[in-house]
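Following: one structure in structure tokens, then a few remarks.
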Amino acid sequence: MSSLSASAENLSSDQNNDGSSMCLELALEGERLCKSGDCRAGVAFFQAAIQAGTDDLRTLSAIYSQLGNAYFYLGDYTKAMQYHKHDLTLARSMNDRLGEAKSSGNLGNTLKVMGRFDEAAIFCQRHLAIARVLEDRLSEGRALYNLGNVYHAKGKQLGQKDPGEFSSEVQDSLLKAVDFYQQNLRLMRELGDRGAQGRACGNLGNTYYLLGQFETAIEHHQERLRIAREFGDKAAERRANSNLGNSHIFLGHFEQAANHYKRTLSLAIELGERAVEAQACYSLGNTYTLLRDFPTAIDYHQRHLAIAQELGDRIGEARACWSLGNAHTSIGNHEKALHYANSHYLLAKELGDMVGENTASMNISDLRRMLGLPELYNTESAAGDGITHTVSLMKASSEGAENDPGPMHHGQQPMHGQTQSAA
């Protein structure tokens, strides 16, 4: 039962406070709207409930908490923080320890997405400390999980190139994330919560991946995959397969990586996720390039290009053209390579990608020389984009909980529009 529902039951025996009754009715409608997915309309009702006024501090606390959550989902993190702070103040004034723990956790999560990681950690630690005093193991588990997320996000934002390459500060954050995720996993195993175990395993896999510990990452992603299948959670299964593919790439297990990316592709099609489908095709194209199977690589890059064009993803389209040029050059199809090089040059120029534009100009000269064509001094007139002589691949770092764009070429951006934080 929600705090608002509990307040409604308590109020039913006291019909004298019309203001509190109106406040609660408005708040319950706001709660209903938010649960149905219409947070913007829900906010309006919560605000109206505050205007109606109430003497019941627990009802007001619940409204502040719901407003904070609604603004969080609407992406207005400043207002979310404001209302979660109001909730925390009320909880402390009522000596409501559980309420204080919850509001501290909500503040921690909000500060995390705002990039204020040190402050977020303080509130999440407060949540953890109170949960342990109250011996509330479920609340303790949430606090441990949130702390893991804070340090994982901090480690990524501090700056990290390829997995395993980082400063001591980044390593410290990632190791703290591992510690909190491991504590959460142990607790969830004790409580028998398989769903929470799956989320912890996925996040541990992502964190070990960033640390360059790919064998350990694979162990955790395999466990995440098993649990996802137990629950029939196709989205989690898709993420696990993608992450397994990325980890196998780094170990040079290209065939295993291809198998996981194929499963990712199949699930993305089943789920109707076109952007993820494009991403999987791109990863498969790069993997088959590493396997020196260029015709298959070309097929997957063509599929990626078609979907990127359909979605209006110009960054993805540029990446696909660049990759297709590389693959065609590798099998001696220099005319087709020049065609894709031309397209890449125009796209790089449109996107303001100076690195891509300069690389294209150099590569277009190489291709024209191979074809016996005269040198162009105005590269733009040829719409040129070039092909590098060597396909140099990098693997993407994990994007939040259990999400990964897959292998990418050096100098390219992560797959556009594919960040996810769902665990």
Got a second to check how far Lys85's NZ is from Ser103's OG, nearest 0.5 Å? 12.0 Å
To the closest 0.5 Å, what do you measure between CG (Leu144) and CE (Met188)? 7.5 Å
Lys79 backbone acceptor or donor facing Asp76 side chain under 3.5 Å: yes
So which heavy atom on Ala318 is nearest to which on Leu351, and how close? CB-CD1, 4.2 Å
Using a 3.5 Å distance criterion without hydrogens, assess whether the side chain of Asp87 forms a donor-acceptor pair with backbone atoms of Tyr83. no
Going by heavy atoms in the side chains, are Tyr261 and Leu265 under 4.5 Å from each other? no
Decide if atom CZ of Arg40 counts as having more than 12 heavy atoms of other residues, nucleotides or ligands within a radius under 6.0 Å. no
Taking the side chain as everything from C-beta on, heavy atoms only, tell me whether Leu185 gets closer than 4.5 Å to Gln182. yes
Working note: Arg303 + Asp299, criterion salt bridge (charged side-chain N to carboxylate O under 4.0 Å, His left out); need CA distance, chi angles, decisive distance, verdict. CA-CA 6 Å; Arg303 289 176 66 178; Asp299 287 344; over 6 Å; no
Side-chain contact test, heavy atoms from C-beta onward, threshold under 4.5 Å: evaluate it for Phe46 versus Ile50 and give yes or no. no
Step through it carefully: locate the ring centre of Tyr209, locate the ring centre of Phe214, and say whether they are under 6.0 Å apart. yes
Between atom CD of Gln157 and atom OG of Ser173, what is the distance when rounded to the nearest 0.5 Å? 10.5 Å
Tell me the closest heavy-atom pair linking Gly285 and Ala297, and the distance in Å. O-CB, 3.3 Å
Pick one: which of Arg199, His152, His220 meets side-chain contact (heavy atoms from CB on, under 4.5 Å) with Tyr181? His152
Do Asp179 and Gln183 get their side chains close enough for a donor-acceptor pair, meaning under 3.5 Å? yes
Strictly distance-based, threshold 3.5 Å: is any side-chain N or O of Asp136 a donor or acceptor partner for the main-chain N or O of Ala131? no
In Å, rounded to the nearest 0.5 Å, how long is the span from CE of Met81 to CG of Leu88? 12.5 Å
Please find out if less than 6.0 Å separates the ring center of Phe72 from that of Tyr77. yes
Are the side chain of Asn146 and the backbone N or O of Arg142 linked by a donor-acceptor pair below 3.5 Å? yes
Is Glu255 atom CD crowded by more than 12 heavy atoms from other residues, nucleotides or ligands, each under 6.0 Å away? no
Assess whether side-chain contact (heavy atoms from CB on, under 4.5 Å) is satisfied between Phe294 and Thr289, documenting all intermediate values. CA-CA 6 Å; Phe294 298 110; Thr289 295; 4.0 Å; yes
What are the two closest heavy atoms between Thr207 and Leu174, and how far apart are they? CG2-O, 3.4 Å
I'd like to know whether Arg263 forms a side-chain contact (heavy atoms from CB on, under 4.5 Å) with Ser266, so could you lay out the CA-CA distance, the side-chain angles of the two residues, the decisive distance to 0.1 Å, and finally the verdict. CA-CA 5 Å; Arg263 182 59 181 155; Ser266 175; 3.8 Å; yes
Test log, rule side-chain contact (heavy atoms from CB on, under 4.5 Å), inputs Phe231 and Ile227: CA-CA 6 Å; Phe231 283 86; Ile227 294 172; 3.8 Å; yes
Where the side chain of Gln197 meets the backbone of Asp193, is there a donor-acceptor pair that is under 3.5 Å apart? yes
Side chains of Leu28 and Arg32: does their closest heavy-atom pair fall under 4.5 Å? no
Walk me through it: do Arg224 and Asn203 pass the test side-chain contact (heavy atoms from CB on, under 4.5 Å)? CA-CA 9 Å; Arg224 205 296 168 254; Asn203 287 330; over 6 Å; no
Start with the C-alpha gap between His84 and Tyr64, add the side-chain angles, then the distance that decides, and say whether ring-ring contact (aromatic ring centres under 6.0 Å, His included) holds. CA-CA 6 Å; His84 285 313; Tyr64 284 151; over 10 Å; no
Are any non-hydrogen side-chain atoms of Lys112 and Phe117 less than 4.5 angstrom apart? yes
Minimum heavy-atom separation for Asn363 and Trp322, please, with both atom names. ND2-NE1, 4.5 Å
Can you name the nearest heavy-atom pair linking Ala49 to Ala27, along with the distance? CB-N, 3.8 Å
Taking the basic N atoms (NZ, or NE/NH1/NH2) and the acidic carboxylate oxygens, is any pair closer than 4.0 Å for Glu223 and Arg194? yes
Supply the atom-to-atom distance Cys321 SG to Leu347 CG, rounded to the nearest 0.5 angstrom. 5.5 Å
Derivation of the salt bridge (charged side-chain N to carboxylate O under 4.0 Å, His left out) call for Arg229 and Glu237: CA-CA 7 Å; Arg229 287 173 174 166; Glu237 184 182 346; 3.5 Å; yes
Option among Asn342, Leu373, Thr329 that satisfies the side-chain contact (heavy atoms from CB on, under 4.5 Å) test with Leu367: Thr329
Can you find a heavy atom in the side chain of Ile249 that is under 4.5 Å from one in the side chain of Asn286? no
Describe, in one word, how the ring planes of His301 and His304 are oriented to each other, choosing from parallel (under 30°), tilted (30 to 60°) and perpendicular (over 60°). tilted
Atom pair CG (Asn69) and CG (Leu74), whose distance is rounded to the nearest 0.5 Å: 11.0 Å
Indicate yes or no for a side-chain donor-acceptor contact from Ser242 to the backbone of Arg238 under 3.5 Å, with no hydrogens or angles considered. no
Are side-chain heavy atoms of Lys102 and Ser65 found at a separation under 4.5 Å? no
Using a 4.5 Å cut-off on heavy atoms from C-beta on, say whether the side chain of Glu100 contacts that of Arg126. yes
Please determine whether the number of non-hydrogen atoms from other residues, nucleotides or ligands lying under 6.0 Å from atom CD of Glu169 exceeds 12. no
Non-hydrogen atoms of Asn106 and Thr110 that approach each other most closely: O-OG1, 2.8 Å
